K.L.:
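Below is the structure I would like to discuss, written out as structure tokens.
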Amino acid sequence: MRAFTYERAQSIAGAALAGCRPGAKFIAGGTNLLDLMKLDIETPSHLIDVNGLGLDRIEATPDGGLHVGALVRNADLASDTRVRRDYALLSRALLAGASGQLRNKATTAGNLLQRTRCPYFYDTNLPCNKRQPGSGCAAIGGFSRNHAVLGASDACIATHPSDMAVAMRALDATVTTMRADGAGRRIPIADFYTLPGNTPQRETVIEPGELITGVTLPKPVGGIHIYQKVRDRASYAFALVSVGAIVQADGSGRIALGGVAARPWRIEAAEAAMPQGAQAVTALLMAGARTTPDNAYKITLVGRTIKAVLDQARKETA
């Protein structure tokens with residue numbers, strides 16, 4: 001690990017201003033950042049500890065939703081009575097996402113900002129456009145069983161690892177931030193993540209020094225909430241495919257996918273086909289998929305997982 005300086009932020013505005021310093025990074029739980037620093041993938045020269053900023057509360061909003069502070073630990077969010085009752089999809093995604101030890105440390109903002117688990121990104125001996133822009137993508141033409149089939153580009157086929165983000169996408173969450181100039185932003189999660197294109201190193205629309213202050217969940221929509229994660233092992237493994245769904249009694253609803261793209265994948269137009277069944281929904285969600293010989297199985301796996309989710313929803317509403 002390289003040498004770095006460290007400070008504890010005293011205010012949100014001060015943290016955002018300090019974050020504009022070249023080489024600066026925010027740190028809270030550090031469950032992803034510290035690993036990347038040890039591997040010499042992230043090399044910040046200055047760390048800004050934001051744990052003391054009071055962004056660790058879950059509060060009701062005037063319109064009946066919830067505002068989740070950026071520093072709310074994943075364990076606390078998953079176990080909150082209001083979340084379990086009204087946003088069960090989020091609670092279930094968090095429980096599927098990591099071990100209890102990690103959930104006790106990881107934060108809401110950190111979960112959203114965690115970086116890909118592509119093995120080529122983690123191996124500094126191999127080219128990776130996300131790690132070193134312009135160096136190439138070793139995953140293309142390499143072993144790509146876990147890689148993206150949607151939204152990928154000729155520069156990058158990595159997937160986004162967050163389970164929580166899949167649930168947030170289905171719930172139409174909004175990310176709130178503070179910029180260095182003191183201006184706040186409200187970013188719909190549909191617009192928060194970027195596709196790789198020619199700039200895979202840029203993963204979100206967050207600007208230098210911009211600090212996530214929380215996530216706002218809109219008024220609950222009811223329905224049956226299901227999160228199903230398919231992985232190689234029952235724990236300590238990231239999704240090959242995951243499906244987060246909210247299904248209403250009439251068969252309508254919302255559906256988002258994980259493990260298949262560089263961001264949580266949701267096509268609202270596909271949701272109109274939910275009452276028609278899994279095959280219709282899958283065809284619309286997976287339109288335009290680009291596969292390799294290693295990951296072509298994901299098309300079939302998505303269809304089967306969506307079918308299992310919709311079948312479960314029907315049983316629960318019967």
Side-chain angles (χ1 to χ4, degrees), residues 32 35-36 39-42 93 96-97 111-166 168-169 189-206 228-233 236-244 255-267 270 282-306:
N32 188 207
D35 284 343
L36 295 174
L39 293 169
D40 210 30
I41 295 169
E42 292 277 10
N111 193 312
L112 290 175
L113 293 174
Q114 65 181 298
R115 307 210 63 189
T116 184
R117 262 55 180 194
C118 172
Y120 299 102
F121 172 73
Y122 273 77
D123 189 341
T124 56
N125 294 308
L126 294 172
C128 172
N129 289 319
K130 191 178 285 292
R131 177 172 22 86
Q132 186 178 354
S135 63
C137 175
I140 297 175
F143 183 65
S144 54
R145 178 173 177 269
N146 295 340
H147 287 77
V149 296
L150 291 165
S153 73
D154 292 336
C156 181
I157 58 172
T159 59
H160 184 69
S162 173
D163 293 282
M164 185 190 79
V166 176
M168 293 286 195
R169 181 67 180 89
I189 197 153
D191 302 326
F192 183 74
Y193 294 106
T194 60
L195 292 177
N198 294 319
T199 56
Q201 72 277 11
R202 182 170 172 79
E203 299 170 339
T204 72
V205 297
I206 293 292
Q228 186 151 332
K229 180 178 181 178
V230 183
R231 46 190 163 175
D232 286 325
R233 302 184 305 277
Y236 302 106
F238 293 90
L240 299 173
V241 164
S242 64
V243 175
I255 195 162
L257 305 178
V260 296
R263 65 185 182 194
W265 196 259
R266 181 181 173 198
I267 305 295
T282 302
L284 292 168
L285 279 173
M286 305 304 288
R290 294 171 55 188
T291 64
T292 70
D294 294 327
N295 67 15
Y297 74 93
K298 288 194 176 189
I299 305 294
T300 301
L301 187 57
V302 166
R304 290 176 177 174
T305 308
I306 290 175

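Reckoned from all heavy atoms, side chains included, excluding hydrogens, waters and symmetry mates. Given the structure is predicted, the values throughout are model-derived calculations rather than measurements.
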K.L.:
What's the separation between atom CD in Gln132 and atom NZ in Lys130, rounded to the nearest 0.5 Å?
P.N.:
14.5 Å
K.L.:
Considering only heavy atoms from C-beta outward, does the side chain of Ile189 approach that of Leu112 to under 4.5 Å?
P.N.:
yes
K.L.:
Can you tell whether the side chains of Arg231 and Asp163 come within less than 4.0 Å, N to carboxylate O?
P.N.:
no
K.L.:
Checking the side chain of Ser242 only, and the main-chain atoms of Ala239 only, is there a donor and an acceptor separated by less than 3.5 Å?
P.N.:
no
K.L.:
Shortest non-hydrogen contact from Pro200 to Asn129?
P.N.:
CG-CB, 3.6 Å
K.L.:
Counting only N and O atoms by type, is there a donor-acceptor contact under 3.5 Å from the side chain of Arg169 to the main-chain atoms of Ala256?
P.N.:
no
K.L.:
If you round to the nearest 0.5 Å, how far is OG1 of Thr292 from OH of Tyr297?
P.N.:
9.0 Å
K.L.:
Looking at Asn198, I'd like to know if its CG atom is crowded, meaning that more than 12 non-hydrogen atoms belonging to other residues, nucleotides or ligands lie closer than 6.0 Å.
P.N.:
no
K.L.:
Decide yes or no for Thr199 and Thr194: does some side-chain heavy atom of the first lie under 4.5 Å from some side-chain heavy atom of the second?
P.N.:
no
K.L.:
So, are Asp154 and Arg290 salt-bridged, with charged N and O less than 4.0 Å apart?
P.N.:
yes
K.L.:
Would you name the heavy atoms of Thr159 and Asn146 that are closest together and state the gap between them?
P.N.:
CG2-O, 3.6 Å
K.L.:
Spell out, as yes or no, whether a donor-acceptor pair under 3.5 Å connects the side chain of Asn32 to the backbone of Arg115.
P.N.:
yes
K.L.:
Can you find a heavy atom in the side chain of Pro264 that is under 4.5 Å from one in the side chain of His160?
P.N.:
yes
K.L.:
Between Leu39 and Thr124, what is the shortest heavy-atom contact and its length?
P.N.:
O-CG2, 3.7 Å
K.L.:
Looking at every non-hydrogen atom in both residues, tell me the closest pair between Asp294 and Arg145 and how far apart they are.
P.N.:
CB-N, 3.6 Å
K.L.:
Can you give me the closest heavy-atom contact between Thr116 and Pro161, atom names plus distance?
P.N.:
CA-CD, 4.0 Å
K.L.:
Tell me whether Tyr122 contacts the main-chain N or O of Ile41 through its side chain, where contact means a donor paired with an acceptor under 3.5 Å.
P.N.:
no
K.L.:
How long is the gap from CZ on Arg266 to CG on Leu257, to the nearest 0.5 Å?
P.N.:
11.0 Å
K.L.:
Looking only at heavy atoms, what is the nearest atom pair of Thr305 and Leu301, with distance?
P.N.:
OG1-O, 2.7 Å
K.L.:
Can any side-chain N or O of Ser153 pair as donor or acceptor with the backbone N or O of Pro196 at less than 3.5 Å?
P.N.:
no
K.L.:
Quick check against the 3.5 Å criterion: does Tyr120 have a side-chain atom that pairs as donor or acceptor with the backbone of Ser144?
P.N.:
no
K.L.:
Side chain of Ser135, backbone of Cys128: donor and acceptor closer than 3.5 Å?
P.N.:
yes
K.L.:
With no hydrogens and no angle check, is any side-chain donor or acceptor of Lys229 less than 3.5 Å from a backbone partner on Ala237?
P.N.:
yes
K.L.:
Just wondering, are more than 12 heavy atoms of other shown residues or ligands nearer than 6.0 Å to CZ in Arg304?
P.N.:
no
K.L.:
Any donor and acceptor pair, going by atom type alone, linking the side chain of Arg263 with main-chain N or O of Phe192 inside 3.5 Å?
P.N.:
no
K.L.:
Please check if the side chain of Lys298 supplies one atom and the backbone of His147 the other of a donor-acceptor pair under 3.5 Å.
P.N.:
yes
